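Step one of this worksheet: look at the structure below.
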Amino acid sequence: MKIVIVGGVAGGASAAARLRRLDEQAEVVLLERGPYISYANCGLPYYIGGEITDKEELTLQTPESFTERFAVDVRAQSEVIAINPEDKTVDIKNLATGKVYTESYDKLLLSPGAEPIVPNLPGVEDKRIFTLRNIPDTYRIYDYIKQHNPRTALVVGGGYIGLEMAENLAHAGLSVTVAEFANHVIAPLDYDMACEVHRKLRKQGVTLLLNNKVCSFTPQASGLAVALDNGQLEADMVLLSVGVQPENALAKTAGLALSPRGAIVVDETLRTSNPHIYAVGDAIQVKNPISGQAAYIPLAGPANKQGRIAAKNMLGGTEKYKGTIGASVLKLFDTTIATTGLNETAAKQAGIDYDKIYLASPSHATYYPGAETMSIKVLFENKTGRILGGQIIGKGGVDKRIDVLSTAIYYGGTAADLANTELSYAPPYSSAKDPMNMAGFAIENLLEGLVHQYHWHDIETLAQDKDFQFIDARTPAEYARGHIGNAKNIPVDELRERLGELDKTKPVYLYCLSGQRSYLATRILLQNGFTCSHLAGGYRLYSSVMLDKTSPAQCPTCTTPLT
């Protein structure tokens, strides 16, 4: 059996190593266009920012070390320029010598990855405009900063790589601006959760330009003049990070089936439309097992797993790849941002009847020093309680909780499963009732009708209806610092004694800081004959969204400026 692999890094290198572990006799040829076959792609921004100081740490395996350990014929700087499916051969160009030759295969694995999208804008070819995909890109950016000492940088795009680069350019001493075409950064986040990220970015000194499209670059001796939809700015250097697209040129010319987005279509065994060609990694279309729909989710973890599965199947196996749910985590200065599963946009597109809960939970027991609040959002299916997705922002403990949610989602878990899951506990690490248990409890309460809720985006509609009662269940001191509209302050601890102040013929809408006290107040009122609901996420979430919509002006529906 002779297997040729096109592309190294996550999917290709994983497949090559797995092939050798499974079959000592197989002939394996790994072809990589660049000089590096296995490197820490996700660590590249941290070399630029100085967190990683030794460039050798970025290289996980050299061609020589990989060959020595796995007995794989590794050929770096070897570009596959054509696939000949009828002959089962590939044409290869040696980039060092310019020589073109042909190699045969029994099975072919494509792992070309994805390439950064470079918008066709005036001036975009300027050498002070960069993209970040591989180690050579990293060195170019690093060397430019060291040699030219730029003072200002513009990052175009607020996705994961864009924000990682914003942080690391700031660590390198630059004044950073992020321009994002959408109304929020990090597309997998919903807008309401992203508002907290916006505030943290601005607190770190990053200028954030939302709803702002870059239109052109004009080279100048002193830097680049950048024209945007709304205004203009100058920058000494620019990083383009507006997304990636599957690198599909070889697949296209070979006649392989492609998705509308251009990703290589594969079946559950990762085989393409040609029975002798498989594909993995950022170039392929996957299935989202939550919605059942086709998706494009380029992530390193899934690429490694796909490489392992494809290796087995090319040797005659029938293992199936079950899909990608999109679990991811990002470090942004002192904050951790994590997502998994569907966000609201994806749930709506899939036609799923869903709702959402919000929690403001401590990372561990509050009596143990150092507890930090995590902002948690969980989406669930209304009738079944099936967990659909999660988003968490905080410091310690975020990665642990997103992994619990990911596991629950992967195995079709419900609110009851979250509520009953046994998770490790000690005061420095968690609470006896872990935040993921609490999320399960909160969803169960809604499904069982023990509480009803409304959301921050419902308040504008409610304000047009005068026939209801609006109650702030916080303390008078909290109320005095700022409250929503004309809400009446009745602290939850006084509610039982002040029921006479409320009219049972009119619905009651309550809120508190995070939702805990208003939930308790709702239980009191429901058992006393009132119709009521409470604000999911509370004043904390509502004020975060309103501040983002009006920043830096005063929140228009609050009585005092929000800080």
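For clarity, every value in this text was computed on a predicted model and none was experimentally measured.
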Shortest non-hydrogen separation from Arg401 to Tyr429 and the atoms involved = NH2-O, 3.6 Å
query = Just by distance, do the side chain of Asn343 and the backbone of Asp190 share a donor-acceptor pair under 3.5 Å?
reply = no
message = Would you compute the distance between atom CD of Gln391 and atom CG of Leu405 and round it to the nearest 0.5 angstrom?
response = 10.5 Å
inquiry  = Using a 3.5 Å distance criterion without hydrogens, assess whether the side chain of Ser544 forms a donor-acceptor pair with backbone atoms of Arg540.
reply    = no
request  = Using atom types as modelled and distance alone, determine if a side-chain donor or acceptor of Arg133 lies under 3.5 Å from a backbone N or O of Ala114.
outcome  = yes
query = Can you find a pair of side-chain heavy atoms, one from Leu201 and one from Leu163, that are under 4.5 Å apart?
reply = yes
query = So do His457 and Asp192 actually touch side chain to side chain, heavy atoms under 4.5 Å?
reply = no
ask   = Are the side chain of Glu180 and the backbone of Gly158 linked by a donor-acceptor contact shorter than 3.5 Å?
value = yes
message = Cation-pi check for Phe530 against Lys504: NZ or CZ below 6.0 Å from the six-membered ring centre and within 45 degrees of the axis, yes or no?
response = yes
query = Short question: side chain of Asn445, backbone of Leu450 - any donor-acceptor pair under 3.5 Å?
reply = no
note = One should read off an interatomic distance between Lys400 NZ and Ile402 CD1, to the nearest 0.5 angstrom, of 14.0 Å
remark   = So OG of Ser328 and CG of Asp399: to nearest 0.5 Å the spacing works out to 12.5 Å
Thr177 side chain near Leu233 side chain, heavy-atom distance below 4.5 Å = yes
task = Mind listing the closest non-hydrogen atom pair of Ile393 and Lys200 along with its distance?
result = CG2-CE, 4.2 Å
inquiry  = Counting C-beta onward and ignoring hydrogens, is there a side-chain heavy-atom pair between Leu132 and Pro116 closer than 4.5 Å?
reply    = no
task = Walk me through it: do Ser375 and Met193 pass the test side-chain contact (heavy atoms from CB on, under 4.5 Å)?
result = CA-CA 8 Å; Ser375 298; Met193 295 294 284; 4.1 Å; yes
ask   = Do the side chain of Asp355 and the main chain of Glu381 share a donor and acceptor less than 3.5 angstrom apart?
value = no
key: Ile471: which of Thr522, Leu510, Leu525, Val492 passes side-chain contact (heavy atoms from CB on, under 4.5 Å)   = Leu510
inquiry  = Please evaluate residues Ile459 and Tyr454 with respect to the criterion side-chain contact (heavy atoms from CB on, under 4.5 Å), reporting the C-alpha separation (whole Å), side-chain torsions for both, the decisive distance (0.1 Å), and the verdict.
reply    = CA-CA 8 Å; Ile459 291 179; Tyr454 63 103; 4.0 Å; yes
message = If you define the side chain from C-beta out and look only at heavy atoms, does anything of Ile387 sit under 4.5 Å from Ile443?
response = yes
task = Please name the pair of heavy atoms, one in Ala303 and one in Ala10, separated by the smallest distance, quoted to 0.1 Å.
result = CB-CB, 3.9 Å
query = Taking 4.0 angstrom as the limit, do Arg199 and Asp548 come out as a salt bridge?
reply = no
request  = Please report the closest heavy-atom contact between His184 and Leu189, naming both atoms and the distance.
outcome  = NE2-O, 2.8 Å
request  = Answer yes or no: is there a donor N or O on one side and an acceptor on the other, between the side chain of Asn288 and the main chain of Ile325, under 3.5 Å?
outcome  = no
ask   = Would a distance-only check, ignoring hydrogens and angles, find a side-chain to backbone donor-acceptor pair under 3.5 Å from Asn489 to Asp472?
value = yes
query = Asp229 and Cys215: which non-hydrogen atoms are nearest, and at how many Å?
reply = OD1-SG, 3.5 Å
inquiry  = Do the side chains of Glu344 and Lys377 get close enough for a salt bridge, i.e. N-O under 4.0 angstrom?
reply    = yes
query = Any side-chain heavy atom of Ser361 within less than 4.5 Å of one from Gln516?
reply = no
task = Test side-chain hydrogen bond (donor to acceptor under 3.5 Å, both in side chains) on Ser259 and Tyr296 and set out the steps.
result = CA-CA 9 Å; Ser259 74; Tyr296 180 64; over 6 Å; no
query = Is the side chain of Asn248 donor-acceptor paired with the backbone N or O of Gly262 at a distance under 3.5 Å, no angle test?
reply = yes
message = side-chain contact (heavy atoms from CB on, under 4.5 Å) for Arg474 and His483? Distances and angles first, verdict last.
response = CA-CA 10 Å; Arg474 298 176 299 160; His483 55 270; 3.8 Å; yes
Worked check of side-chain contact (heavy atoms from CB on, under 4.5 Å) between Leu210 and Asn183 = CA-CA 5 Å; Leu210 300 171; Asn183 70 341; 5.6 Å; no
request  = For Asp403 and Ser406, run side-chain hydrogen bond (donor to acceptor under 3.5 Å, both in side chains): C-alpha distance rounded to whole Å, both residues' side-chain angles, the deciding distance at 0.1 Å, then the answer.
outcome  = CA-CA 5 Å; Asp403 286 343; Ser406 290; 4.9 Å; no
key: Criterion side-chain hydrogen bond (donor to acceptor under 3.5 Å, both in side chains) on Thr339 and Tyr160, from CA distance to verdict   = CA-CA 11 Å; Thr339 67; Tyr160 287 108; 3.2 Å; yes
ask   = Quick one: are Leu447 and Phe380 in side-chain contact, heavy atoms under 4.5 Å?
value = yes
key: Min side-chain heavy-atom separation Arg386-Ile352 under 4.5 Å   = yes
inquiry  = Can you tell me if Gln232 has over 12 outside heavy atoms packed within less than 6.0 Å of its CD?
reply    = no
message = Would His171 and Phe333 count as a ring-ring contact (aromatic ring centres under 6.0 Å, His included) here? Give the steps.
response = CA-CA 9 Å; His171 287 328; Phe333 295 100; 5.7 Å; yes
query = Charged N to carboxylate O below 4.0 Å: is that the case for Glu51 and Lys331?
reply = no
query = Going by distance alone, is a donor N or O of one side chain under 3.5 Å from an acceptor N or O of the other, for Thr475 and Arg481?
reply = no
task = Determine whether the aromatic ring centres of Tyr511 and Tyr542 lie less than 6.0 Å apart.
result = no
query = Hey, does the side chain of Gln285 reach the backbone of Ala294 with a donor-acceptor pair shorter than 3.5 angstrom?
reply = no
